[in-house]
Student: 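Quick one: this structure, given as structure tokens, is what I'll be asking you about.
For this chain, numbers begin at 1 and follow the sequence in order.
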Amino acid sequence: SWGNAIWFDEAVETMGADVMRWMYCRTNPETNMLFGYGLAGETTRRFMIPLWNIYSFFVTYARLDGWTPKNVSADLSVLDRWIVSRLHVLIDGVTRDLEGYNAFEASALLEQFVDELSKWYVRRSRRRFWKSTKDVDKMAAYTTLYTCLTTLLKLLAPLIPFVTEEMYQNLVRGVRPDAPESVHHNDWPSSDPRLVDQDLMEDMDLAMKASELGRSLRSTSGIRLRQPLAVAKISADGDLLKRIGRVSDLIKDELNVKDLVLCSDKLELLDYVVRPIPDQLGEKYGAMFPRIRRSLSELDPNSVAAQLQRGLGVDIDLDGTVITLSAEDIDLRIQPKKGYAVAEEGGIVLSICTEIDEKLEEEGVARDIVRHIQNQRKMAGFEIDDWIETYYESGEKLAHVFSTFGDYIAAETLSKSLRRGRPPEVAHITRLRIRGESLELGLVRIT
């Protein structure tokens, strides 16, 4: 059976040599290598901790569900097929680079894969592991992540031998005593070109790019990712939009929006703003300029923009006197539609609705409550699979959130019940404020 993954803080004492090895590998041999605690800490944070967290995540849930490599599933999701494809591309790349004595490029490929495995595959698959039903989809997630981890260990073994050995003994030897005694006794992985799906990898690259664009928009708009939004819109050209459409569900979930709209015309996301240029028109028309400005403001900006973009002038009728304005006379700009924020990169224009109604705000508060209860569970020393009773004392606004989103809060926190009132003395109690209102939470483990 699986053993517990020891805490990273305990493991870090045994991985100092591997941190140094990874620093060597990640240094271009054409440059001098820098030493120091700062660089070692950065290397640990950037690579070692994410790698260990993936391993710990898998072992934790595999133990809870009793999953073993015997429970494999071949019914893979789009996300599974993508990461398997990336894994086999990785095998080819690392093999090529190490055969050419190029540890610098090999380690770069490995670090990128761990980053994608952590920030995209595991992140987007977490609910597949969390759900209580042991269905085909959950078995496929375990199968895929186990395959990625065990193959990754073999690719990493020459570069970080001690960390990979620690993981191998638990991941492989812990469930297969007949397996080779050490990760270093295994054959080198070989890739299977039949499992490489180039189109799917390009589609997923677009999903990650669009999601990063959306997260950046949320950040600049001051909207946390936990806060649900009504809609996001994406505009791109033909083939690009078709590719995005194939992974739209992943983007929708990652951006935490209720609806994702795809369109080919970016004007559906933007508004034109047309203004006369004072210096230009004031010199030409003098006292008539205020009337020109007023008449121009009454025209449809999109029609004006279409005229100018075709190289045509814009006619202004001033009581029977027609004045034709050219592109040199008009300041033509675009701006997000009211209530939206827009960003553009790599042929993708993405817009998010920044207006949050009361229902969306309450759902965001519910997610905040879940986060606080989850943190409180950790502080109380509860196990991941421990069921609890949750007590709360609050004002009417937060009480309404508990009432409206009670099923969601209970399911996410493994609460058998949510009780309004003072918690018993045996409860683990925390007092905090959410959206300006006081909240007292008390958690009791059900034995």
Side-chain angles (χ1 to χ4, degrees), residues 77-79 81-82 116 119-121 123-128 137 197 199-274 300-306 309 332-367 404-405 408:
S77 70
V78 169
L79 204 58
R81 290 189 288 107
W82 164 74
E116 291 178 353
K119 294 181 179 178
W120 191 250
Y121 180 79
R123 178 185 174 87
R124 294 267 35 95
S125 298
R126 281 181 300 187
R127 291 191 177 279
R128 302 168 69 192
D137 181 58
D197 188 332
D199 287 339
L200 177 57
M201 290 190 294
E202 291 177 9
D203 292 349
M204 204 63 72
D205 285 343
L206 287 175
M208 289 188 283
K209 182 187 296 184
S211 297
E212 179 59 33
L213 205 57
R215 289 193 298 268
S216 177
L217 268 181
R218 277 178 166 270
S219 178
T220 55
S221 302
I223 302 174
R224 299 159 308 145
L225 193 56
R226 284 191 304 277
Q227 173 61 59
L229 297 177
V231 65
K233 299 179 180 181
I234 296 179
S235 173
D237 292 334
D239 185 59
L240 206 58
L241 195 65
K242 186 178 178 181
R243 287 184 174 278
I244 292 171
R246 293 199 288 257
V247 288
S248 59
D249 287 343
L250 290 170
I251 300 172
K252 178 182 172 181
D253 289 345
E254 180 65 17
L255 295 185
N256 191 13
V257 294
K258 299 298 182 183
D259 192 21
L260 180 66
V261 177
L262 305 182
C263 55
S264 56
D265 186 359
K266 70 178 182 181
L267 286 183
E268 294 186 32
L269 283 61
L270 303 165
D271 281 330
Y272 278 110
V273 178
V274 293
D300 175 35
N302 290 340
S303 298
V304 173
Q309 289 168 349
L332 178 63
R333 301 183 183 183
I334 55 175
Q335 67 181 21
K337 290 186 178 294
K338 184 179 180 182
Y340 285 80
V342 175
E344 182 173 4
E345 184 180 325
I348 298 174
V349 183
L350 189 142
S351 171
I352 61 170
C353 179
T354 56
E355 295 180 344
I356 302 170
D357 61 23
E358 185 178 353
K359 186 177 180 180
L360 286 172
E361 185 174 358
E362 287 183 346
E363 187 175 345
V365 172
R367 295 189 180 210
T404 305
F405 295 95
Y408 163 76

Student: Does some side-chain heavy atom of Arg246 sit less than 4.5 Å from a side-chain heavy atom of Leu200?
Tutor: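 No, every pair of side-chain atoms sits at 4.5 Å or beyond.
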
Student: Within the distance-only criterion (no hydrogens, no angle test), does the side chain of Ser221 pair as donor or acceptor with the backbone N or O of Arg218 below 3.5 angstrom?
Tutor: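 Here the side-chain-to-backbone pair does not exist.
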
Student: Tell me, yes or no, whether the heavy-atom count around Asn302 atom CG, taken from other residues, nucleotides or ligands under 6.0 Å, exceeds 12.
Tutor: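 More than 12 heavy atoms, drawn from other residues, nucleotides or ligands, come within 6.0 Å of this atom.
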
Student: Would you say that Gln309 contacts Tyr272 through its side chain, given a criterion of any heavy-atom pair below 4.5 Å between the two side chains?
Tutor: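 Yes. Closest side-chain heavy atoms under 4.5 Å.
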
Student: Would a distance-only check, ignoring hydrogens and angles, find a side-chain to backbone donor-acceptor pair under 3.5 Å from Asn256 to Leu225?
Tutor: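 Yes; judged by distance alone, with no hydrogens or angles, the pair exists.
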
Student: Treating Ser211 as the side-chain partner and Ala207 as the backbone partner, does any N or O pair qualify as donor plus acceptor under 3.5 Å?
Tutor: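 Between the backbone of Ala207 and the side chain of Ser211 there is a qualifying donor-acceptor contact (under 3.5 Å).
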
Student: Would you check, one step at a time, whether the test side chain to side chain contact (heavy atoms under 4.5 Å, CB included) holds for Glu116 with Met208?
Tutor: CA-CA 9 Å; Glu116 291 178 353; Met208 289 188 283; 4.3 Å; yes

Student: Is a donor on one side and an acceptor on the other found under 3.5 Å between the side chain of Thr354 and the backbone of Gly339?
Tutor: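 Judged by distance alone, yes, a pair lies under 3.5 Å.
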
Student: Asp271 and salt bridge (Lys or Arg N to Asp or Glu O under 4.0 Å): which partner among Lys338, Arg333, Lys337, Lys266?
Tutor: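 When salt bridge (Lys or Arg N to Asp or Glu O under 4.0 Å) is applied between Asp271 and each of Lys338, Arg333, Lys337, Lys266, only Lys337 qualifies.
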
Student: So, for Leu360 and Ala230, which heavy atoms are closest and what is the spacing to 0.1 Å?
Tutor: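 In terms of heavy atoms, the two residues are closest at CD1-N, 3.7 Å.
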
Student: Determine, step by step, whether Lys209 and Asp205 satisfy the side chain to side chain contact (heavy atoms under 4.5 Å, CB included) criterion, reporting the C-alpha distance in whole Å, the side-chain angles of both residues, the deciding distance to 0.1 Å, and the verdict.
Tutor: CA-CA 6 Å; Lys209 182 187 296 184; Asp205 285 343; over 6 Å; no

Student: Which value, rounded to the nearest 0.5 Å, describes the distance between Ser248 atom OG and Leu206 atom CG?
Tutor: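 The OG atom of Ser248 sits 12.0 Å away from the CG atom of Leu206.
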
Student: In Å and rounded to the nearest 0.5 Å, what is the CG to CZ distance from Asp237 to Arg243?
Tutor: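 Answer rounded to 0.5 Å: 13.5 Å.
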
Student: So how far is it from Met204 CE to Arg124 CZ, rounded to the nearest 0.5 Å?
Tutor: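 One gets 10.5 Å once the value is rounded to the nearest 0.5 Å.
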
Student: To check you understand the geometry: which heavy-atom pair defines the closest contact between Ala210 and Ile234, and what is its length?
Tutor: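 Closest approach of Ala210 to Ile234: CB-CD1, 4.2 Å.
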
Student: List the atom of Gly347, the atom of Leu240, and the distance in Å for their closest heavy-atom pair.
Tutor: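 Shortest heavy-atom separation between Gly347 and Leu240 comes out as O-CD2, 3.7 Å.
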
Student: At what distance, to the nearest 0.5 angstrom, does CG of Leu213 lie from CG of Leu350?
Tutor: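 CG of Leu350 is found 5.5 Å from CG of Leu213.
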
Student: Is there side-chain contact between Tyr340 and Val231, with at least one heavy-atom pair below 4.5 Å?
Tutor: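 The answer is yes; the side chains approach within 4.5 Å.
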
Student: When you compare the side chain of Leu250 with that of Trp120, does any pair of heavy atoms fall below 4.5 Å?
Tutor: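 When only atoms from C-beta onward are counted, Leu250 and Trp120 do touch, with a gap below 4.5 Å.
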
Student: Any idea which heavy atoms bring Leu241 and Ser264 closest together, and the distance?
Tutor: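 Looking at all heavy atoms of both residues, the shortest contact is CD2-N, 3.9 Å.
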
Student: Within the distance-only criterion (no hydrogens, no angle test), does the side chain of Ser216 pair as donor or acceptor with the backbone N or O of Glu212 below 3.5 angstrom?
Tutor: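 No.
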
Student: Can you find a heavy atom in the side chain of Lys233 that is under 4.5 Å from one in the side chain of Glu268?
Tutor: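 No, every pair of side-chain atoms sits at 4.5 Å or beyond.
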
Student: Rounded to the nearest 0.5 Å, what separates atom CE in Met201 from atom CG in Asp203?
Tutor: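 Met201 CE to Asp203 CG: 10.5 Å, rounded to 0.5 Å.
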
Student: Quick one: closest heavy-atom pair of Leu217 and Ala341, and the distance?
Tutor: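 Here Leu217 and Ala341 meet closest at CD1-O, 3.5 Å.
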
Student: Show the nearest heavy-atom pair for residues Leu269 and Cys263, with the distance to one decimal.
Tutor: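 Reported closest heavy-atom pair: CD1-SG, 3.2 Å.
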
Student: Report yes if some heavy atom in the side chain of Leu255 is under 4.5 Å from a heavy atom in the side chain of Leu229; otherwise report no.
Tutor: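 With C-beta onward as the side chain, the pair stays apart.
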
Student: Is the count of non-hydrogen atoms from other residues, nucleotides or ligands lying under 6.0 Å from Glu358 atom CD greater than 12?
Tutor: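 Counting neighbours around CD of Glu358, 12 or fewer heavy atoms of other residues, nucleotides or ligands fall under 6.0 Å, so no.
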
Student: For Thr404 and Glu363: C-alpha separation, side-chain torsions, deciding distance, then whether side chain to side chain contact (heavy atoms under 4.5 Å, CB included) applies.
Tutor: CA-CA 9 Å; Thr404 305; Glu363 187 175 345; over 6 Å; no

Student: Is there a side-chain contact between Phe405 and Arg367 in this structure, where contact means two heavy atoms from C-beta onward sitting under 4.5 Å apart?
Tutor: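 A side-chain contact is absent here, since even the closest heavy-atom pair is not under 4.5 Å.
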
